[in-house]
There are 2 protein chains.
Amino acid sequence: MTDNHASHGRKRPTGRRTGDSGTRDAILDAALGLFAEAGYDGASVRAIAARADVDPALIRHFFRDKDTLFATAVADRTTIPQRLAASFEGSPDTLGHRFADTYLRLWEEPETRPILLALVRSSTTSAHAAQMLWETLGSQLNASESATHDDQMRRLALAASHLFGLAFARHVVRLPPLVAADHDTLVEQVAPVIQTYLT
Amino acid sequence: MTDNHASHGRKRPTGRRTGDSGTRDAILDAALGLFAEAGYDGASVRAIAARADVDPALIRHFFRDKDTLFATAVADRTTIPQRLAASFEGSPDTLGHRFADTYLRLWEEPETRPILLALVRSSTTSAHAAQMLWETLGSQLNASESATHDDQMRRLALAASHLFGLAFARHVVRLPPLVAADHDTLVEQVAPVIQTYLT
DNA sequence: TGAAGAGTTCCTCAGCTGTAGAGTTCTTTC
DNA sequence: GAAAGAACTCTACAGCTGAGGAACTCTTCA
């Protein structure tokens, strides 16, 4: 078989390439994509290298080990916590709608979607990934100054878990009724509930 | 090293044992437990055999392959769909409470809990497991005759996904505010929302 | 110009994976 | 009492895994 790391290319010359190859970024893109599709365990270093059309040893060179690669891929360029926090600013009357809209939109956009999928797919078997998921999606829960009492904390967590369950059912398990619905319809239907939990 | 399949036992005699060894059940128990902890991919046939204190080849003998073992372990002795369906019978006024209570209780009981954990932990990477999860937890969605319109189907799915998200956050990600709360408090707080969705 | 170092290739290692076959002993059936 | 089959053991295979080392080439900077 002699797969030779890159599916199509044959016998590339050894040594450094001239100019600025975007190798590091290519690896990060491939890694995020594969982590999103297969989870931490399912995405092998070799498969990531193959998708990036790169020698597996380069991954080790740039990111020491797989764990660091994962952390870098999901954490490096994300503004998810900031966007969630930002949705809390504004009139309390429409907070439920803003929060639901922001939260669910993160699962639709091509930049943030693979990050969330990677976190979720990995979180079920890796406690480390579960914690990262929580820190990413639940950060506004710690940040929110209004949530000082146990009951308020719990209500916030209920709101977040509702939205999370919705996203999970829609994008991971792919529940037909939820896949069929469009974003705005879902936001509209969920917003009142979130509003109730949060206020 | 020479692990020799069973951690402590040394050189057991070959051939069939006399009497009725509960080997098959021991394997199923060990399998369900490991699938619940590590997911489908994370639970190796050898590890399951070791936990059951049994030769790995016996798994192949009883259950052809790993997939069949998984299906048998999660599907063989569960009454989850029935219990969920049963919660739909009774006064419509308290449907939300009954459904939430039944649903969340399934995650607490030692008989059903590992089944759900195994399904969830496996569903994120295996489409097959995701479908089984959906058939298990969403069966009442298909069954319910009242849900003929798209909107009603979606509302049912929203209710289910809310409860699922809550259970996931509580038992898999282990969100502190949700772990701290006790079952009845959660049911009480969630029931009105479920009731709204369902009616 | 020369040395340091970053980017790149190939090869190797020990360990684990699911599956498979062949042989031994007990139980059941005729 | 003999034959069939179920329960059980050990050993093997081919493939994949993450990690690591050695060597080569280009770039950068003194």
Side-chain angles (χ1 to χ4, degrees), chain A residues 1-7 9-28 30-31 34-35 38-71 73 122 125-126 128, chain B residues 1-7 9-28 31 34-35 38-73 122 125-126 128:
Chain A
M1 212 54 61
T2 72
D3 81 313
N4 202 16
H5 70 272
S7 40
R10 289 234 53 77
K11 269 292 185 201
R12 283 190 286 195
T14 152
R16 184 176 189 164
R17 302 287 168 271
T18 143
D20 193 21
S21 67
T23 302
R24 210 190 105 106
D25 281 338
I27 292 175
L28 283 178
L34 262 187
F35 282 136
Y40 183 84
D41 298 312
S44 76
V45 171
R46 284 167 166 86
I48 292 170
R51 178 179 289 205
D53 198 26
V54 137
D55 191 285
L58 275 180
I59 291 186
R60 179 173 141 72
H61 176 249
F62 283 116
F63 315 93
R64 264 195 62 77
D65 53 23
K66 191 184 178 181
D67 221 60
T68 309
L69 170 62
F70 180 78
S122 308
T125 46
S126 145
H128 177 219
Chain B
M1 213 51 63
T2 71
D3 81 312
N4 201 13
H5 71 271
S7 42
R10 291 232 51 77
K11 270 291 187 201
R12 282 190 287 194
T14 153
R16 184 175 189 165
R17 303 287 168 271
T18 143
D20 193 20
S21 67
T23 301
R24 209 190 106 107
D25 282 336
I27 292 175
L28 283 178
L34 263 186
F35 283 136
Y40 183 84
D41 298 312
S44 77
V45 170
R46 284 168 166 86
I48 293 170
R51 179 178 288 205
D53 198 25
V54 138
D55 191 285
L58 272 182
I59 292 186
R60 180 172 140 73
H61 176 248
F62 283 116
F63 316 92
R64 267 196 63 76
D65 53 25
K66 191 183 178 182
D67 220 60
T68 310
L69 170 62
F70 180 78
T72 309
S122 307
T125 47
S126 146
H128 177 219

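Remember, it's a predicted structure, so these values are computed and weren't measured experimentally. Lettering follows sequence order; numbering is per chain, from 1.
- In this structure, the CD1 atom of B:Ile59 is 15 Å from the P atom of D:dA7, given to the nearest Å.
- D:dT9 atom C1' lies 14 Å from atom CG of B:Asp53, rounded to whole Å.
- For the helix from C:dT1-D:dA30 to C:dC30-D:dG1, the terminal axes (five pairs an end, C1' atoms, rotation from four pairs onto the next four) enclose an angle of 10°, given to 10 degrees.
- A donor-acceptor distance shorter than 3.5 angstrom exists from the side chain of B:Thr72 to the backbone of B:Thr68, with no hydrogens or angles considered.
- Taken from NE2 in A:His61 to OG1 in A:Thr23, the straight-line distance is 10.5 Å, to the nearest 0.5 Å.
- The side chain of B:Arg60 has C:dT19 as its nearest neighbour among C:dT19, D:dT9, C:dT9.
- Of the candidates C:dC10, D:dA6, D:dT9, D:dA6 carries the atom nearest the B:His61 side chain, counting heavy atoms from C-beta on.
- Taking CG from A:Leu58 and CZ from A:Arg24, the interatomic distance works out to 12.0 Å, rounded to the nearest 0.5 Å.
- The nearest whole Å value for the distance from the CZ atom in B:Arg17 to the C1' atom in C:dT24 is 10 Å.
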Original post:
Step by step, would you call A:Thr125 with A:Tyr40 a side chain to side chain contact (heavy atoms under 4.5 Å, CB included)?
Top reply: CA-CA 9 Å; A:Thr125 46; A:Tyr40 183 84; 5.9 Å; no
Original post:
Can you check side chain to side chain contact (heavy atoms under 4.5 Å, CB included) on B:Arg12 and B:Asp53, steps first, answer last?
Top reply: CA-CA 11 Å; B:Arg12 282 190 287 194; B:Asp53 198 25; 3.8 Å; yes
Subject >> Residue pair B:Phe62, B:Leu28: steps toward the side chain to side chain contact (heavy atoms under 4.5 Å, CB included) verdict >> reply: CA-CA 10 Å; B:Phe62 283 116; B:Leu28 283 178; over 6 Å; no
Protein-nucleic acid N or O pairs under 3.5 Å, nucleotides 12-17 of chain C:
{"from": "C:dT17", "atom 1": "OP1", "to": "B:Ser44", "atom 2": "OG", "distance (Å)": "3.1"}

**OP:** Might you work through the side chain to side chain contact (heavy atoms under 4.5 Å, CB included) test for A:Leu69 and A:Val45, ending with a clear yes or no?
**Re:** CA-CA 9 Å; A:Leu69 170 62; A:Val45 171; 5.6 Å; no
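- Nucleotide D:dA6 holds its P atom 15 Å from the CG atom of B:Asp20, rounded to whole Å.
- Contact between the side-chain N/O atoms of B:Arg12 and the OP1/OP2 oxygens of D:dT9 is found at a separation under 4.0 Å.
- The CG-C1' distance, from A:Leu58 to C:dC10, rounds to 12 Å in whole Å.
- In this structure, the CZ atom of B:Arg24 is 20 Å from the P atom of C:dT27, given to the nearest Å.
- Separating the CZ atom in A:Phe70 from the CG atom in A:Leu34 is a distance of 12.5 Å, to the nearest 0.5 Å.
- If you measure from atom CZ of A:Arg64 to atom C1' of D:dG21, you get 14 Å, rounded to the nearest angstrom.
- Which of D:dA19, D:dT9, D:dC8 sits closest to the side chain of B:Thr23 comes down to D:dC8.
- One atom, CG of B:Asp55, and another, C1' of C:dA22, lie 13 Å apart when rounded to the nearest Å.
- Here the nucleotide nearest the side chain of A:Phe62, chosen from C:dT8, D:dT9, D:dA7, is C:dT8.
- The backbone N or O of A:Arg60 sits nowhere less than 3.5 Å from a side-chain atom of A:Lys66 that would complete a donor-acceptor pair.
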